[in-house]
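Quick one: structure below, then a few questions.
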Amino acid sequence: MLEVISAISTANGTGGVAIIRLSGEGVLDILQKMFHPLSKVDIHNLEPYKLYPGEIDCGEFTDFGMAVYFKAPKSYTGEDMVEIHSHGGVEIQRGVLKQTYKLGAIPATRGEFTKRAFLNGKLSLSSCEGLIDMINGESVAAVKAGYGLYREKLFNKITELQNSLTFALAEIGADIDYPEEDLGELTLDNLVNALNLCISELKTLIQGYDKGEKIKNGVKVAIVGRPNTGKSSLLNALLNYDKAIVSSIEGTTRDVVEGSLEINGVKFDLYDTAGIRSADNEIEKLGIERSQKVLKSADVVIAVFDGSASLTEEDNSIINAVNGLNVITVQNKSDLFKTQKEGLNISAKTGSGVSELKNLLYQKAFNGGIDKNAELIVEERHLKALEKANQNAENALNSVSLGVPLDLVAEDVKAVWDALGEITGTTASEEIIDEIFAKFCVGK
Ligand code: GDP
């Protein structure tokens, strides 16, 4: 076992209760020197997974709280662990932490508890990433996607694929994992079938990234339209608050104003634009450049027109600018006109049509919707590994059809296996592992 690490695992700042977590060989020796259970039980006889009330001796002061012991290997890290629950004052939690250091613990680095859990085989690498996604998730959908990853949904899928490849490899005399498996009567057809199945599953997973990435990071929505069509008003109507400054003087929205809303649990980030007409003014020019960038990178564009007025030249240039993009055409100020116009007729002022716009935004962003049972890839790292696996699987198939010697085909198949292992962590390099845990906070 490794040295005892210690950290405050609850959020930074004042709260009702704080949790100081320790992991490693000797946690009980440290606890014995600073925690005195009311029941007077000897610390080395603590019943695991049970909260004990008692005095926490921090050297300079004493707090009253609780402690719990998690016995290896049935703990988060797989090592002996202790949690001390103190009162949540900043000075109190620091005092508890300092005392653990004084008694021999060392400060945990970012994500070190989880890294130890991974290294001790408690969690896969993708599960650890799911955990960060869950903790950092800014919408219900992002938290749910993180939870699926954390609970090894992707790991199970990847392991299934790896197992089918292991069989296929064994079939051609190469083995990676279970050489003693009873394989029965097998032919090259089985290898081809396994590879085809693998490719089809990989393609489905790869396609899922488009939706998964939006779930994790939010859908980027640009609002574009000539001045005075009601973009700021619409932004406010969607966000339900007055963030953008609404004014009837043209060109007041110079900057890109951001705000976010949740639709069906997914975060949508809204970007107001300064317009896209040509301008002499330097500041406006900068704003226009920025708007064009926002337009290009947006997942969905809302093009706003003033339905109560006739189209101007500037409106036409906006129609051109959004041509080919994923656009929703909005005819605003429907409270001022009677005849229905082409596009979504809404009034940012009265709120009429705004909920239809939200539905449409969701439909457009997710190409009709999200299949609840689909396994959506949310990490770019996973996407890259899947693409690599797919490429190698295609190579293997190609080699088979060209009659390449089987040991060379086996190399390609093994490369698929390895690429998949990068996702779960079985073949991930130390560099990748360190990069992932650096994203964690201290104490997790
Ligand atoms: P922007 O320049 O496109 O951001 O437009 P604003 O949101 O600043 O709106 C310009 C003017 O149109 C303001 O006077 C708003 O009050 C008005 N306006 C915006 N939306 C509506 C609407 O749906 N109906 C009516 N009657 N006026 C609106």
Side-chain angles (χ1 to χ4, degrees), residues 218-261 263 268-323 325-362 364:
V219 179
K220 198 166 180 187
V221 181
I223 304 184
V224 67
R226 71 166 166 79
N228 255 351
T229 49
K231 297 181 297 299
S232 314
S233 308
L234 179 59
L235 190 86
N236 290 336
L238 285 167
L239 299 175
N240 288 327
Y241 65 92
D242 286 342
K243 183 163 183 189
I245 304 152
V246 178
S247 152
S248 52
I249 306 160
E250 287 195 3
T252 44
T253 318
R254 285 232 173 89
D255 217 333
V256 177
V257 183
E258 297 179 41
S260 307
L261 76 154
I263 307 174
F268 282 70
D269 294 321
L270 304 182
Y271 295 81
D272 197 356
T273 62
I276 50 161
R277 67 191 165 152
S278 56
D280 305 325
N281 180 319
E282 275 307 309
I283 298 173
E284 272 198 20
K285 264 189 193 161
L286 279 178
I288 288 160
E289 261 172 40
R290 208 171 316 157
S291 301
Q292 276 164 343
K293 236 186 190 162
V294 172
L295 266 192
K296 272 197 198 128
S297 63
D299 298 309
V300 190
V301 174
I302 303 178
V304 187
F305 299 93
D306 181 345
S308 69
S310 23
L311 282 186
T312 68
E313 212 174 291
E314 205 176 339
D315 285 324
N316 284 324
S317 69
I318 282 160
I319 294 172
N320 284 334
V322 300
N323 188 22
L325 302 177
N326 195 16
V327 192
I328 299 173
T329 301
V330 161
Q331 298 288 349
N332 189 31
K333 310 197 185 181
S334 66
D335 51 305
L336 299 180
F337 60 87
K338 293 224 160 60
T339 328
Q340 280 281 104
K341 298 227 160 184
E342 202 183 315
L344 190 65
N345 292 211
I346 71 163
S347 168
K349 193 173 182 176
T350 66
S352 154
V354 172
S355 67
E356 284 85 346
L357 176 58
K358 286 185 188 173
N359 282 336
L360 200 52
L361 270 172
Y362 187 81
K364 281 265 183 189

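Start at 1 and go down the list; that is how both ligands and their atoms are numbered. As a basis for the values below, the full set of heavy atoms in this structure was taken, side chains included, without hydrogen atoms, waters or symmetry mates.
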Min N/O separation Ser232 to ligand 1 under 3.5 Å: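 Yes; at least one N/O pair falls below 3.5 Å.
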Residue pair Asp269 / Ser260, side-chain donor-acceptor N/O under 3.5 Å: yes
Atoms of ligand 1 close to Lys231 [distance to a heavy atom under 4.0 angstrom, numbered from 1]: 1 (P), 2 (O), 3 (O), 4 (O), 5 (O), 7 (O)
Sidechain N-carboxylate O distance under 4.0 Å for Asp299, Lys220: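 Lys220 and Asp299: not salt-bridged.
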Test item: Lys341 side-chain N/O and Gln331 main-chain N/O as donor-acceptor pair under 3.5 Å: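 A pair under 3.5 Å: no.
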Polar proximity ligand 1 side, Ala348 side, N/O cut 3.5 Å exclusive: yes
Part of Leu336 within contact of ligand 1 (heavy atoms, under 4.0 Å):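 The answer is the side chain of Leu336.
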Interfacing atoms of ligand 1 (cut-off 4.0 Å, heavy-atom, Ser233):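 Answer for ligand 1: 6 (P), 7 (O), 9 (O), 15 (C), 19 (C), 20 (N).
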Neighbour count >12 (heavy atoms, 6.0 Å) for atom NZ, Lys364: yes
Donor-acceptor pair between Ser347 and Lys333 side chains, under 3.5 angstrom: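 No, no side-chain donor-acceptor pair sits under 3.5 Å.
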Pro227 heavy atom under 4.0 Å from ligand 1: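 A heavy atom of Pro227 does come that close to ligand 1.
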Polar side-chain atom of Ser297 near backbone of Lys293 as donor-acceptor pair, under 3.5 Å: yes
Part of Thr350 within contact of ligand 1 (heavy atoms, under 4.0 Å): neither
Check: Asn236 side chain, Ser233 main-chain N or O, donor-acceptor pair, under 3.5 Å: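 No.
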Under 4.0 Å to a heavy atom of Asp335 - the qualifying atoms of ligand 1, by number: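 So the answer, numbered in order with elements, is 22 (C), 23 (O), 24 (N), 25 (C), 26 (N).
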Region of Thr229 that comes within reach of ligand 1 [heavy atoms, distance under 4.0 Å]: both
